[in-house]
Amino acid sequence: MDLSAVIFIEILYAVASLIMISAGLAVVFGMMKVINLAHGEFMMMGGYTTITAVNLGVNVFVAMLIIAPLIVGLIGLVVERLVIRHLYGRLIDTMLATWGLSLFFIGIVTMIFGNTTTGISTPIPGFTVGNYQINGYNFFIILVAIALVILLYAVLKGTRAGLIARGTMQRPDMAASLGYSPDRIYMATFFCGSALSGLAGAVLAPLVGLVPTSGAAYIAKAFITVIAGGPSLIAGLVSSSTVFGIISQTFSFAVSPVMGEVALLVAAVVLLRLLPQGVTGKFFKGKL
Amino acid sequence: MSLNRRTFLKGTAATAGAAILPNILSAAGDTIKLGSVLDTSGGFDAYGKPMEMALRLAVSEINEAGGLLGKQVEVVAYDTQSDMALYSQYGQQLTREDKVDVVHGGILSASREAIRQTMRKTNTPFFYNVLYEGGVCDRNIFINGVTPAQQAAALVPYAMEKTGKKVYILAADYNYGQITARWIQKFVEENGGEVVGVDFFALDVSDFGSTIAKVQTAAPDLVIAPLVGGAHLSFFRQWAAAGMKDRIGLASTTMGVGNEHKVLTAEEGNGIMVAYNYSQELDTPANNAFKESWSAAYGDSSAIHELAVSHYQGIKTWAAAVALAGSMDRDALINAMESGLSIEGPAGNLSVDPQTHHAVLDVHLMEIENQGMRVIETLPQQQPIDTQSVCDLQANPDDNTQYEIEI
């Protein structure tokens, strides 16, 4: 009983962390069709921002939830103005450019912080479920992920800005003819995507030992989740995160953590063979 | 030690200058050339940079004391940038172009294997001064880091006595972790214990939530974790965050080798049991003198770690052997090394095992306490029994293998 509760929480946590890792990429890649290979580095910078802010005496939750997304969003804004905006619609070129950016960010963070592992400790104490101890911070990540999904949905569905953004992503020419500047809207969307990546990196920072090359560990999972999710932004994100989270955790428990990772990749291959358009290419069609 | 910052800077400036222009100086032929290949940038620079500092310190001390055989020691150093391909390239460069008299260097086992054959073919004595998985048997190489048997033989009985008989092993998934896990298993069983689970982790795994739950299902008394690198450091953090620290004992064979215990907070790290050759907290005259001269050279001594001290001791051992041999001839050097040579280093007495070219050294049992390593017990002069069981260079001097140890 206790064990099944623990496993259930661990699965929820795995799903939530996949949602966190992939949300920024879902906006940048899913909506804007920009293959951002520097996504992992945006997350890494979110982590470093948090650690720096905490070391300067800022409250850890303020640092994670406000400062890190803001700073990384601003870095994303600069990147968009200098690099990305010249490359919209040129898929291969953006890949090359953002790959270069990822190397640049790794280099610059190494110069500033050095190539040693840093980190902060988790702000929430451990938690007892029957005979088991679990990480209380898991609940925080689950809550943040739920809030994030609700917020994304509310903004995209409920606000005028969300409507304009969605419209621009579908038909920029039409949006322009209605008097909206696609250039501005792309810029704002990229800012939001980067901020979400920064948030993910920040929230995950207390769980890991951070090095400048940490981003590489996230990028593959993020792309797999977003691609397997398919065309619908939120429904795709949640459905593919759920599938992969359940599969990888079940195999981690039943066999070994290595098999958990293997199972995730096998599941992704099988899923894309059966549903080449992603989960939402077949189910939840037309949903957001 | 009469080293101060000014003389040290002079020394390093000279050697650094020499390193830039190795070919010009080699024409003079009145120095002994020490080749160095270390990762002083890139992913492994946390290990490599302090090792490079140790090298410069050791060489400047040797030169201060009048050099070797009446000649100054000159360093020819290359930064391999954490790139294994550069090891082969600079290994060739050192032996064929610069024609150095000895090479000290290599950090990862892969880098050692990348240059070991080049050194052997060109008859350049090679010193690999790093903790590793054991089993290398080659007359041309000398290794002074602790091997799994030296560490685990000390750590396992101590940790089991303190906690209990049921042990769970969490190891890094490459040759070091696999081989070390086997040794731990052996020592657990020899001590009447039981291994209730073994899990291996790829080097980029940073989420240990399900593992921590799984460990609790097995309900061990002790977890031993030969985990490696930045991502794996997450385990120690998540273990503490889940509140496991006070419920199940934790020991490691790698935690702290690159000063990782200074990244964890005191609450996260306190109580983790480790066993190494060196601790900054060793209160011996040799270690105090070493820390003092390190501080004089580099400002403060916080960068010193296990591998840096191994490297320092390796160079000092080589210098002692050269003085004993009285010549730079390779065979004379090897004979001197095999003569039961020993030195007193910062980590205690270290002697060369003639049978395996590994080191017999003190192993200290320690617990991490307030971001330092408190020495609990010293096990003097541990033999490298893992390598000794497969390697005998006296009986078989032409051996050139890295043995995988069967248990």
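In what follows, chains carry the letters A, B, and so on, assigned in the order in which the sequence lines appear, proteins first and then strands, with residues in each chain numbered from 1. Every heavy atom of this structure was used, including side-chain atoms; hydrogens, water molecules and symmetry mates were not.
- Neither the backbone nor the side chain of A/N138 comes within less than 4.5 Å of any heavy atom of chain B.
- Using a 4.5 Å cut-off between heavy atoms, A/Q249 touches chain B through its side chain atoms alone.
- Contact of A/P206 with chain B is made through the backbone alone, with heavy-atom distances under 4.5 Å.
- Atoms CD and CZ, from A/Q133 and B/R247 in turn, are 4.0 Å apart once rounded to the nearest 0.5 Å.
- Comparing B/L233, B/T217, B/V205 by heavy-atom pairs within less than 4.5 Å of chain A, the highest count is held by B/T217.
- Nearest heavy atom pair, residue A/G209 against residue B/S234, reads N-OG, 3.1 Å.
- Taken from CD in A/E10 to CD1 in B/I212, the straight-line distance is 8.0 Å, to the nearest 0.5 Å.
- Nearest heavy atoms, B/A213 versus A/Y132: O-CE2, 3.9 Å.
- Counted within 6.0 Å of CZ on A/F113, heavy atoms from surrounding residues, nucleotides or ligands total more than 12; the atom is thus considered enclosed.
- Here the closest heavy-atom approach between residue A/P257 and residue B/T211 is recorded as CG-OG1, 3.7 Å.
- In this structure, chain B has heavy atoms under 4.5 Å from both the backbone and the side chain of A/L207.
- Although no hydrogens or angles enter the test, the distance criterion places no donor-acceptor pair under 3.5 Å between the side chain of A/S121 and the main chain of B/T265.
- For a residue to count as touching a neighbouring chain, one of its non-hydrogen atoms must lie under 4.5 Å from one of that chain's; by this rule A/V255 touches chain B with the backbone only.
- When heavy atoms are compared at a cutoff of 4.5 Å, A/L210 does not approach chain B at all.
- Atom CZ of A/F104 has 12 or fewer neighbouring heavy atoms from other residues, nucleotides or ligands inside a 6.0 Å radius.
- If you measure heavy-atom distances from B/D207 to chain A, the contacts under 4.5 Å come from the side chain alone.
- Smallest separation of non-hydrogen atoms from A/T122 and B/A241: OG1-CB, 2.9 Å.
- Put simply, of B/A202, B/S206, B/G258, B/G209, the one with the most heavy-atom pairs under 4.5 Å next to chain A is B/G209.
- Contacts between B/Q238 and chain A at a heavy-atom distance below 4.5 Å involve backbone atoms as well as side-chain atoms.
- Within the 4.5 angstrom heavy-atom criterion, no atom of A/T110 approaches chain B.
- A distance-only check finds a donor-acceptor pair linking the side chain of B/R237 to the backbone of A/I120 [under 3.5 Å].
- Heavy atoms from other residues, nucleotides or ligands lying under 6.0 Å from CZ of A/F105 number more than 12.
- Contact of A/S256 with chain B is made through backbone and side chain together, with heavy-atom distances under 4.5 Å.
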